[in-house]
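Taking it in order: structure first as structure tokens, then the write-up.
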Amino acid sequence: MSDSKSNKPEASAYRATLNMPDTPFPMRGDLPKREPGWAKEWEDQGTYQKLRAARRGAPMFILHDGPPYANGKIHIGHAVNKILKDMIVKSRQLEGYDARYVPGWDCHGLPIENAIEKLHGRNLPRDEMQAKSRAFATEQIAQQMVDFKRLGVLGDWDHPYKTMNYANEALELRALKKVMERGFVYRGLKPVYWCFDCASSLAEFEIEYQDKQSQTLDVMFPAADTAKLAAAFGLPALDKDAFIVIWTTTAWTIPANQALNVNPDLEYSLVDTERGLLIVASALVEKCLARWNITGQVVATAQGKALDHMPFKHPLAHVDKGFDRISPVYLAEYATADDGTGIVHSAPAYGVDDFNSCMHNGMDYKDILNPVQGNGVYAADLPLFGGQYIWKAVPVILDALKVAGRLMDTTHLTHSYPHCWRHKTPVIYRAAAQWFIRMDEGEGVFTDPAQKPEKTLRQIALEAIDSTSFYPENGQDRLRAMIAGRPDWCISRQRSWGVPIPFFLHVDTGALHPRTMEILDQAADMVEQGGIEAWSRVSAEDILGAEEAKHYTKSTDILEVWFDSGSTFWHVMRGTHADMHHDQGPEADLYLEGHDQHRGWFHSSLLLASAIFGRAPYKGLLTHGFTVDGQGKKMSKSLGNTVAPQDVSGKMGAEIIRLWVASTDYSGDLGIDDKILARVVDAYRRIRNTLRFLLANTSDFDAATDSVPYQDLLEIDQYALARAAQLQKEIIGHYQVYEFHPVVAKIQLFCSEDLGGFYLDVLKDRLYTTAPKSLARRSAQTALHQITQALLRWMAPFLSFTAEEAWKIVGHSETIYLEKFTELPEGDAALLAKWTRIREIRDVVNKDIEAVRVEGKVGASLQAEVTISAQHEDLALLQSLADDLKFVLITSAAQAVAGDALAVAVTPSEAAKCERCWHYRDDVGVNPAHPTLCGRCDSNLHGSGEVRSKA
């Protein structure tokens with residue numbers, strides 16, 4: 001029964017004599033109902049621990065988990081991330097590695113603190129708020145863990161790491177001490193990104209850019225010394241009021257103006273206009289006059305350096321004495337003639353360049369004006385604008401400037417502006433005393449000279465990037481650019497739910513207590529016993545004694561959460577899970593996250609490991625894209641295009657999510673919607689059906705007793721194994737460089753073309769009609785068994801539940817993950833080449849049979865007899881198959897003859913059809929006792945059995 005058009009024999013008295021396939025592996029996966037049972041079985045049987053025991057002593061492979069945040073249900077992006085990690089760990093396990101995976105969670109931080117404030121108000125004692133945050137995070141982790149396990153992710157779920165565990169919090173403090181000893185930590189007043197919603201500073205990698213509409217303004221600053229200004233422009237005197245004009249998009253910074261910047265090498269013009277004598281960059285005179293809708297004449301020019309320290313008055317100096325101050329001109333190259341007026345107004349509290357310029361020119365920290373409070377409201381004592389929210393104060397400031405006669409022009413401008421990546425709200429630069437990790441030369445607090453590296457942190461980190469493998473490779477340039485251009489890292493935050501910075505500052509000088517390093521150890525010991533709450537409960541008196549405590553204040557700053565997760569290579573892999581790192585070199589083989597983590601976890605981890613060890617904490621970095629809908633749109637609840645992994649698991653099975661992840665090129669964005677998932681379901685069914693055929697046709701095969709030695713296998717069986725070995729080499733190669741979609745594509749092609757479209761098609765007749773224990777059938781089953789064993793391992797990293805389900809039927813160990821990739825006989829190149837050509841000729845024959853079938857001359861291909869004319873090599877190939885050629889072509893008769901070119905003659909068979917095998921043969925009825933059987937079937941049933949040599 002080997003008809004290519006039908007797998008089902010007609011009702012026949014001889015049906016019972018066929019070796020019909022049979023397997024308990026069902027056609028329908030029924031995944032949503034059955035998967036939870038398999039996941040529970042892994043958990044109940046301690047599968048992960050058994051895998052560790054089985055690989056003890058093998059080379060280790062460590063994928064360190066970038067911790068998801070312990071808040072809210074997991075979304076489809078989480079599913080992508082965890083499944084990618086799981087596939088990598090499982091494929092490495094199958095390669096023979098001791099492949100470890102400890103899941104982790106990022107537990108401190110603002111969202112949880114906000115949740116507690118909403119539930120319990122803002123006035124909780126610090127330690128109580130921390131305890132409630134800890135309990136909240138614990139609940140969130142439990143919920144997320146259930147969903148991750150449901151996705152089929154294997155890991156040490158009994159011993160995950162949590163950044164809020166006491167031991168981790170304590171070790172994080174010890175990491176801070178190490179970074180200090182190496183000379184990288186200092187305290188400074190610097191403008192840092194500040195989010196009003198967070199009420200805290202932000203790191204560079206917590207910033208994203210979005211369009212914002214701002215009000216531009218050109219503002220006049222009156223000259224405070226006209227004689228000096230005239231001399232700078234080579235004039236004896238000025239006969240009109242003179243003003244320097246600035247252009248800015250941040251009206252809210254005008255009340256804090258303390259200086260002006262011009263470029264020393266630019267030429268500036270003194271322009272006579274109806275509004276007075278105005279100073280602007282010469283290259284911008286025409287544009288400015290047009291923008292202001294006035295006319296003017298240049299009366300003199302001067303280089304920017306001639307204006308150095310020239311005094312001007314604040315534009316509102318004559319309106320309120322609180323603004324009656326001088327704004328001197330400082331020279332700065334960041335003032336350009338690209339736009340505006342070529343003059344930059346400087347509010348040192350609200351801009352890094354402004355701050356640096358003012359510091360360079362001798363301004364003292366204590367003289368910096370910083371009226372914007374942490375909540376975005378001007379201090380109450382600020383003249384004219386006190387108590388107002390800065391964004392709402394903009395029109396009020398514009399109006400005040402207009403009334404004062406100092407506003408030349410204002411208009412709207414949409415521009416790219418930094419926003420908080422959590423709240424999606426605009427941020428500002430704001431000067432605040434903060435703790436920093438230094439990127440370049442400079443002194444840190446409590447540096448140990450014996451431990452201080454010779455290179456700067458920036459140099460160390462850039463060299464570490466060169467030693468790191470990137471998947472995809474363009475990640476290297478991205479991370480390098482970020483490290484090369486980033487400012488010093490502000491590591492302090494003004495919040496509560498986080499690891500404390502356990503410093504005591506002198507009330508007069510701000511200096512750290514001389515026993516700071518000792519106190520750091522003391523704080524770490526306390527936190528290790530009672531968590532960060534223990535440190536919150538102690539007072540300065542408890543630590544320093546009553547007398548000293550009078551002179552010191554206890555810092556309430558915490559380490560920002562990127563320090564938490566960025567130091568996990570230290571406090572997890574060398575701390576709470578110290579058996580999980582390589583003794584030499586980087587702790588992890590791989591970090592894997594979304595590509596936004598070049599500015600996040602990859603970044604902070606690199607800086608801290610570079611600071612502590614002088615190298616990266618990882619050998620490789622893998623990044624994946626974000627999830628989008630089928631049209632490539634970003635997912636959002638408002639658009640209604642989100643896909644919840646819990647819903648897909650409940651309706652289709654987690655296996656479908658896993659197959660979708662595996663079959664999508666994760667280096668770009670990953671599209672998902674109902675149509676895409678429907679295609680994935682179809683792909684899953686095809687693989688499952690192939691697997692079912694393999695299992696069904698080897699159900700009576702015992703590899704230990706029934707296997708046929710490779711050299712005794714029929715030639716087509718040797719070819720099938722050689723083709724599988726060839727494919728396996730490719731698949732393992734893809735797994736080794738973390739490529740999954742080519743693996744899925746090649747397995748699908750193998751199932752449909754190599755197996756379904758050829759080998760299994762040819763094999764059916766031999767499997768079903770030859771004697772159950774004949775060499776012919778056992779040869780086929782030997783090949784099928786080995787292919788099944790290989791296929792299950794190939795698919796196990798992504799179709800984990802299905803591979804494990806099948807393993808229960810054909811496996812000889814508790815789980816497939818205790819196994820390694822099988823060793824397949826490779827065969828030789830000549831064998832592969834020969835059968836590749838035979839398949840090509842077979843395709844030609846099939847097309848010609850189909851043409852005759854369309855004409856109605858034959859039904860199934862078995863009704864056809866073919867003669868193939870061929871030349872030289874092709875003729876030799878075909879004739880080498882002898883009588884087995886017809887089985888390869890699935891025809892009732894076939895012969896190869898010499899000819900000038902490849903040609904096929906198809907004729908309908910005039911012989912009778914065998915009731916059992918459906919072949920049309922002249923010897924049907926050769927045995928009068930079985931008049932409807934052909935001689936072949938009669939021999940297989942009642943004689944010595946037919947002999948097959950090739951197929």
Anything under 30° is parallel, anything over 60° is perpendicular, the rest tilted; go ahead and classify H314 against F323.
->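 H314 vs F323 ring planes: parallel.
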Take the angle between the ring planes of Y552 and H506 and call it parallel below 30°, perpendicular above 60°, tilted in between.
-> perpendicular
Of Y429, Y209, Y417, the residue whose pairing with Y193 passes ring pair (Phe, Tyr, Trp, His ring centres under 6.0 Å) |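 Output: one option passes, namely Y429.
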Matching residue for W435 among Y186, F503, F563 - test: ring pair (Phe, Tyr, Trp, His ring centres under 6.0 Å) |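 Of the listed options, the one satisfying the test is F503.
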By salt bridge (Lys or Arg N to Asp or Glu O under 4.0 Å), K366 pairs with (sequence neighbours left out) D364
Keeping [X] on the side-chain end and [Y] on the backbone end, is there a donor-acceptor pair under 3.5 Å?
{"X": "Q140", "Y": "G72", "result": "yes"}
{"X": "E169", "Y": "I532", "result": "yes"}
{"X": "S214", "Y": "L413", "result": "no"}
{"X": "H345", "Y": "I343", "result": "no"}
{"X": "R493", "Y": "S201", "result": "yes"}

Determine whether F221 and N257 make a side-chain contact, defined as any pair of heavy atoms from C-beta on separated by less than 4.5 Å.
->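 Yes, their side chains come closer than 4.5 Å.
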Quickly, which of D353, N261, N263, N356 forms a side-chain hydrogen bond (donor to acceptor under 3.5 Å, both in side chains) with Y334? Name it, please.
->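 Between Y334 and the candidates, side-chain hydrogen bond (donor to acceptor under 3.5 Å, both in side chains) is satisfied uniquely by N261.
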Contacts of type ring pair (Phe, Tyr, Trp, His ring centres under 6.0 Å), residue W292, not counting sequence neighbours | none
